[in-house]
Amino acid sequence: MARYIVKRLLIALIVLFGITVIDFGIMTLAGNPIEILSGGPRISEELLAIRAQNLGLNQPIPIQYLNWLKATLKGDFGYSYKNYQPVSEMIGSHLGPTLVLMGSALVLSLIIASVAGIYSAVHQNSGGDYAIVSFAFLGQSIPGFLLAMILIYIFTVKLGLLPSSGAWTLGAEGRGIELKYLIMPMIVLAFEMSGRNIRYIRSSVLEILNKDYLRTARAKGIGRFMVIYKHALRNALIPIVTVIGMELPGLFGGAVIVEEVFSWPGLGLMTMNAILARDYPVIMAMCLLSAVVVLLGNLIVDIVYAFVDPTVRFD
Amino acid sequence: MHESYLGSVIRRFKYHKAGVVSLVILSLIVLAALLAPVLAPYDPNAINPEFSAAPSVKHILGTDQIGRDLFSRLLYGTRVSLLVGFLSTLIATFIGVLLGLIAGYFGGAADMIIMRCTDMVMSFPYILLILVAGAIFEPGMWNIILILGFIDWPGIARLVRGNVLSIKEKDFVHASRIGGMSRTYILFSDILPNTIAPILVFATSVMAISILDEAALSFLGMGVQPPAASLGNMLNGAQSITVLTKLPWLWISPGAVIVLLVVCVNFIGDALRDAIDPSTTKS
């Protein structure tokens with residue numbers, strides 16, 4: 001077991017190194033940020049050279065990479081090219097709204113997906129099952145931004161119930177995120193996620209229901225209720241845990257479009273603005289952070305499986 | 001009488017009613033998109049005297065703010081979205097199949113390197129990678145196709161690798177090996193045909209995702225550029241509150257076509273899965 005975990009950790013490190021290289025490569029390929037920063041011909045060559053020197057952009061690319069890597073390992077993500085704020089500070093101030101949004105959407109979607117998925121599997125081929133499966137297909141097929149627009153059209157424009165942008169009333173930043181601002185972006189994200197997950201949980205539960213031990217349980221004559229709630233549901237927890245693992249990659253990057261549409265002041269909006277402004281330090285930090293989250297998530301899921309499922313082989 | 005494999009797949013596909021209906025609708029949409037030059041009543045980029053006109057007999061879906069006929073643009077936009085979805089899926093499938101075959105069949109160092117590359121691409125949040133790539137390269141249809149094609153392959157590579165690993169230990173492959181068949185023959189004549197079915201199912205989901213991603217990128221203005229129409233960039237205008245409230249026909253019809261298209265592709269994929277693998281059919 002220890003060897004297996006060490007091996008997984010080593011592989012994760014190799015992958016992480018590769019990610020930093022690819023990440024840096026793409027950014028360098030993208031062009032010289034000095035041209036973007038210069039803001040037209042009014043700035044003199046000398047000033048540009050000084051600026052490049054200050055940002056370390058006049059050094060060879062491998063050196064730039066090493067400098068960046070060294071700083072990053074110390075937890076210093078550098079400064080934003082755009083507003084000269086430390087990147088780690090920017091991430092810190094945008095992290096809260098994203099965690100609130102993603103956390104609440106994840107919880108909501110898990111509730112919807114588990115209840116609907118299990119109901120659907122237990123009442124297979126009933127009208128309710130078909131309705132739920134169709135709902136899941138719709139959730140998978142409707143672009144998030146379109147659903148967002150429809151919701152804004154209904155709840156902001158027609159009914160005037162919910163605000164369509166931001167996370168708090170202007171001038172009341174100190175009081176934190178308000179529920180009425182959270183509802184629409186949360187629903188859009190949860191709708192997308194539950195669309196994906198309902199069908200997964202449904203088919204996993206169906207598989208469990210067809211297992212021999214459930215036939216045995218049924219044969220004992222303990223009744224349908226006990227069979228499902230005592231024997232099947234406990235095993236259905238495994239696919240639900242898997243679903244949480246599958247949604248992790250989205251936690252940091254996935255909300256970009258929804259945050260953009262609703263001007264939700266989280267990491268997604270910050271990343272989107274950074275992408276549009278080619279603010280490399282911010283983009284790189286975000287890519288790296290999300291990759292670490294994904295890697296850690298996969299690692300934890302793998303290790304948990306190794307503990308839970310005796311058929312996983314450690315080689 | 002013995003039923004052919006294809007025959008049994010078609011028979012089981014027909015059981016999936018939503019899949020059959022989707023296939024019919026998708027065929028109609030594809031046909032309409034292909035025949036766009038014939039069907040479109042106006043040039044999609046031509047400016048008509050009626051600006052922001054509501055749907056009428058003359059313009060059945062209305063016109064946009066600069067007087068272009070929406071129905072004509074919708075036909076051409078669907079064409080672009082389908083082309084993006086199809087070609088990027090083709091590229092992703094090709095790369096994924098090739099890498100998956102190599103990794104699964106040869107194993108060892110090749111497998112290690114390819115699978116770590118797969119892990120790397122998969123560790124980036126998917127949408128972030130697409131947005132960054134979309135911002136770096138010149139926006140436009142061909143770049144979108146290449147970006148999506150080069151980002152979507154890891155899932156297919158993993159799938160193919162897994163299938164190859166299980167098929168290569170089957171008796172008929174051992175027989176070919178003992179019979180002195182070349183590696184290329186075994187790879188392309190024994191292994192590949194037996195893994196095509198799951199690849200096809202997976203490819204439908206890649207296509208659905210590609211269509212959605214094109215829409216999202218174009219919606220954000222980083223995809224297909226005007227005056228060319230795509231379903232996504234037709235929705236771009238609806239970000240303004242005036243369009244959203246006063247000109248709903250501008251976003252309802254392209255939005256509906258995207259949803260319809262993706263629902264159909266997803267249902268067909270589901271029907272194919274059931275048809276190809278009898279064990280997953282609703283028991």
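Each chain gets a letter, A, B and so on, in the order its sequence line appears, and its residues count up from 1. No experiment lies behind these values; they were computed from the predicted model shown.
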(request) Tell me, out of A:Ile11, A:Leu276, A:Leu138, who's got the most heavy-atom pairs with chain B below 4.5 Å. (result)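 Most heavy-atom pairs under 4.5 Å with chain B: A:Ile11.
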Which answer fits [X], side chain, backbone, both or neither, if we ask what part of it has an atom under 4.5 Å from a heavy atom of chain B?
X: A:Leu295; result: side chain
X: A:Val261; result: side chain
X: A:Glu207; result: neither
X: A:Leu146; result: side chain

(request) Please list, in residue-number order, every residue in residues 21-30 of chain B that has a heavy atom less than 4.5 Å from any heavy atom of chain A; write 'none' if there are none. (result)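 Listed by number: none.
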Per-pair distances, 0.1 Å, donor-acceptor, side chain in residues 250-258 of chain B, under 3.5 Å, sequence neighbours excluded:
unit_1: B:Trp251; atom_1: NE1; unit_2: B:Leu244; atom_2: O; d: 3.2
unit_1: B:Ser253; atom_1: OG; unit_2: B:Trp249; atom_2: O; d: 3.4

(message) Are A:Phe135 and A:Phe191 an aromatic pair, judged by ring center distance below 6.0 Å?
(response)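 Under 6.0 Å, so yes.
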(request) Please check if the side chain of B:Ser218 supplies one atom and the backbone of B:Ala215 the other of a donor-acceptor pair under 3.5 Å. (result)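 Such a contact is absent between B:Ser218 side chain and B:Ala215 backbone.
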(request) Return yes if some donor-acceptor pair links the side-chain N/O of A:Asn197 with the main-chain N/O of A:Met193 below 3.5 Å, else return no. (result)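 Here the side-chain-to-backbone pair exists.
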(request) With sequence neighbours excluded, tell me which residues meet salt bridge (charged side-chain N to carboxylate O under 4.0 Å, His left out) with B:Asp119. (result)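 Once residues adjacent in sequence are excluded, the partners of B:Asp119 under the salt bridge (charged side-chain N to carboxylate O under 4.0 Å, His left out) criterion are B:Arg116, B:Arg158.
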(message) In terms of relative ring orientation, are B:Phe219 and A:Phe145 parallel, tilted or perpendicular, with 30° and 60° separating the classes?
(response)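 If you compare the ring of B:Phe219 with that of A:Phe145, the planes turn out parallel.
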(message) Is B:Leu131 in contact with chain A via its backbone, its side chain, both, or neither, using a 4.5 Å heavy-atom distance?
(response)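 Contact with chain A: backbone and side chain both.
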(message) At a 4.5 Å cut-off on heavy atoms, which part of B:Ala216 comes close to chain A: side chain, backbone, both, or neither?
(response)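 For B:Ala216, backbone and side chain are both near chain A.
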(request) Would you kindly say whether B:Asp152 and B:Ser88 are connected by a side-chain donor-acceptor distance under 3.5 Å? (result)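 Judged by distance alone, the side chains do not pair up.
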(message) If we count only N and O atoms by modelled type, under 3.5 Å, do the side chains of A:Gln124 and A:Ser120 hold a donor and an acceptor together?
(response)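 Result is no, nothing qualifies.
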(request) Would you mind telling me which of B:Leu220, B:Ile209, B:Val121 has the largest number of heavy-atom pairs within less than 4.5 Å of chain A? (result)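 The residue among B:Leu220, B:Ile209, B:Val121 with the greatest pair count is B:Leu220.
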(request) State which residues pass side-chain hydrogen bond (donor to acceptor under 3.5 Å, both in side chains) with B:Arg161; sequence neighbours excluded, sorted by chain then number. (result)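 side-chain hydrogen bond (donor to acceptor under 3.5 Å, both in side chains) list for B:Arg161, sorted by chain: B:Asp111.
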(request) State which residue, out of B:Leu82, B:Val259, B:Thr78, fulfils the side-chain contact (heavy atoms from CB on, under 4.5 Å) condition with B:Leu231. (result)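 Only one of B:Leu82, B:Val259, B:Thr78 forms a side-chain contact (heavy atoms from CB on, under 4.5 Å) with B:Leu231, namely B:Thr78.
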